[in-house]
Amino acid sequence: MQGAFSIKAREFDLDATMYSGQTSQPPWHEKGKYYSELLMIDDKPALVTIKQTHDKLHVKVESPEKVHLSEVKERINYIFDLKFDIEAFYDFLYSYPPLDSIVDYSRGLRLFLAKDAFECIISSIASANCSIRRWTRAIGNMKRLWGQGYVFQRGTFYSFPSPDVLAVLDDDSLRAAGLGYRAKYIIGTSKKITRIKLDGMDYDEAFRLLLELPGVGPKVADCILLYGFRKLEAFPVDVWIQRIMEHLFKVDYKHLRDFARDEFGEYAGYVQLYLYNYARKSGILGGV
DNA sequence: TACCAGGTCGTAT
DNA sequence: ATACGACATGGT
């Protein structure tokens, strides 16, 4: 089955979003501005290929089974958070010096939300103290090694392995995939995760629960909640956020998370996204 | 060669 | 409670 449609996508930069390093998943497979990835639509495998032109997102779908294009559309809208009123967010930033200057650095950047919550949890654990390049490569390795492969015209694509598959792996195999010392955390989390349901929970409840998973500290928990569950009040504090917040607000590291929630509320997650990008790309913190 | 990468954990104060 | 070193491994 094949299909195609387009989505209106104003104030959206697909390339920037795809390569912004959000820990929901690695960037999709790119072939000359066409991005492809395997999505499960009502438990049916579908290869989704997207390309942006101006304010439009062109979507192609290929599947061995019949999938509803409306479901795919809803899924794409969700993954790139296309229904988020980003102009209202910009208005918020413009009215909030010193944040008014960061918009121009990341215009069109949106959340890159998880297509698979478990993949996001493992990606977030893998990203700790690790370069984006390395953890995205490691996740790709895991998919090829232990995920399920589906053959399409564009090639073979793999799902992210399920918790029960990862739970019985040995430490050395995970290390061989490039996870390093985090291998034991991933096995431990895979064993525990089947007993955990985050879907209906509020932010604080889910945060506390996530901290019980091995390899999950406050920063990783917030990444999981923001990129995996769209908890917009989450404010992952990493080294970059620490530096830029100290530079802009002079708030002590320990209070950053609470400060952000109080100050930014439901925009905390997006503020973090834009600050992270700004801190890394602007060079304002000196080189890098 | 050291040092850094979207931090967390275990141990010692 | 808070502070500090260890931790895999690849890139510069």
Side-chain angles (χ1 to χ4, degrees), chain A residues 16-27 102 105-106 109-114 119-142 145 166 169-193 207-229 231 234-248 252-258 260 268-288:
Chain A
T17 300
M18 197 60 87
Y19 292 112
S20 55
Q22 300 180 52
T23 66
S24 52
Q25 62 207 293
I102 71 176
Y105 253 93
S106 309
L109 178 62
R110 288 175 185 261
L111 285 178
F112 186 26
L113 290 158
E119 175 181 28
C120 175
I121 291 171
I122 300 303
S123 295
S124 301
I125 292 173
S127 74
N129 193 28
C130 189
S131 67
I132 293 172
R133 195 146 124 194
R134 187 178 161 207
W135 75 255
T136 54
R137 190 179 302 168
I139 296 300
N141 292 340
M142 291 179 72
L145 285 167
L166 298 186
L169 291 177
D170 58 286
D171 199 79
D172 288 337
S173 332
L174 249 354
R175 281 175 187 248
L179 278 306
Y181 65 90
R182 306 165 196 80
K184 57 180 176 297
Y185 302 150
I186 289 170
I187 294 169
T189 286
S190 300
K191 286 177 177 165
K192 266 190 161 182
I193 199 68
F207 184 82
R208 276 195 299 275
L209 198 54
L210 283 171
L211 289 185
E212 293 176 12
L213 296 172
V216 178
K219 185 270 176 184
V220 168
D222 268 337
C223 279
I224 293 169
L225 290 169
L226 181 58
Y227 307 130
F229 293 87
K231 298 292 186 187
F235 190 81
V237 177
D238 63 20
V239 288
W240 290 99
I241 292 299
Q242 215 174 121
R243 292 170 192 155
I244 194 68
M245 286 294 282
E246 194 163 317
H247 180 76
L248 296 176
D252 189 58
Y253 163 72
K254 291 167 293 196
H255 304 122
L256 270 183
R257 207 170 77 91
D258 292 329
Y270 263 94
V271 169
Q272 188 272 152
L273 184 60
Y274 274 60
L275 279 176
Y276 176 72
N277 204 49
Y278 177 69
R280 286 169 37 111
K281 304 286 167 61
S282 70
I284 187 113
L285 296 170
V288 191

Considering only the [atom1] atoms, how many Å lie between [N] and [M], rounded to the nearest integer?
N      : M      : atom1 : answer
B:dT8  : C:dG11 : P     : 24 Å
B:dA5  : C:dA3  : C1'   : 22 Å
B:dT11 : C:dA8  : P     : 14 Å

ask   = With A:Ser124, which of A:Leu226, A:Leu225, A:Ile224, A:Asp222 fulfils side-chain contact (heavy atoms from CB on, under 4.5 Å)?
value = A:Ile224
request  = Please collect all salt bridge (Lys or Arg N to Asp or Glu O under 4.0 Å) contacts where either partner lies in residues 120-133 of chain A, sequence neighbours excluded, each pair once.
outcome  = none
Within this structure, what is the [atom1]-to-[atom2] distance between [X] and [N], rounded to whole angstrom?
X        : N     : atom1 : atom2 : value
A:Asp172 : C:dT9 : CG    : P     : 10 Å
A:Leu179 : C:dT9 : CG    : P     : 10 Å
A:Asp238 : B:dT8 : CG    : C1'   : 14 Å
A:Ile186 : C:dT9 : CD1   : C1'   : 14 Å
A:Lys254 : C:dA3 : NZ    : C1'   : 10 Å
A:Tyr253 : C:dC4 : OH    : P     : 13 Å
A:Leu210 : B:dT8 : CG    : C1'   : 14 Å
A:Asp222 : B:dG7 : CG    : C1'   : 13 Å

Base, sugar-phosphate, or nothing for [X], non-hydrogen atoms under 4.0 angstrom?
X        : answer
A:Gly21  : base
A:Leu213 : sugar-phosphate
A:Pro214 : sugar-phosphate

request  = Among A:Tyr276, A:Tyr274, A:Tyr278, find the one that has a ring-ring contact (aromatic ring centres under 6.0 Å, His included) with A:Tyr105.
outcome  = A:Tyr278
query = Can you list the steps and then say if A:Leu166 with A:Met142 is a side chain to side chain contact (heavy atoms under 4.5 Å, CB included)?
reply = CA-CA 9 Å; A:Leu166 298 186; A:Met142 291 179 72; 3.6 Å; yes
task = Give, for atom CG of A:Leu210 and atom SG of A:Cys223, the distance between the pair rounded to the nearest 0.5 Å.
result = 11.0 Å
task = Assess the side chains of A:Ser24 and A:Gln22: does a donor N or O sit below 3.5 Å from an acceptor N or O?
result = no
request  = On DNA chain B, check which nucleotide each of A:Val237 and A:Leu211 is closest to and give me the residue with the more 5' one.
outcome  = A:Val237
ask   = Is the number of heavy atoms from other residues, nucleotides or ligands under 6.0 Å of A:Tyr181 OH greater than 12?
value = yes
request  = Strictly below 4.0 Å, heavy-atom distances to any atom of DNA chain B: list the hits from residues 124-139 of chain A, or just say none.
outcome  = A:Ser127, A:Ala128, A:Asn129, A:Cys130, A:Ser131, A:Ile132
Selected nucleotide, minimal atom distance to A:Tyr185 side chain, candidates B:dC9, B:dG7, C:dT9 =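 Of the candidates, B:dC9 comes closest.
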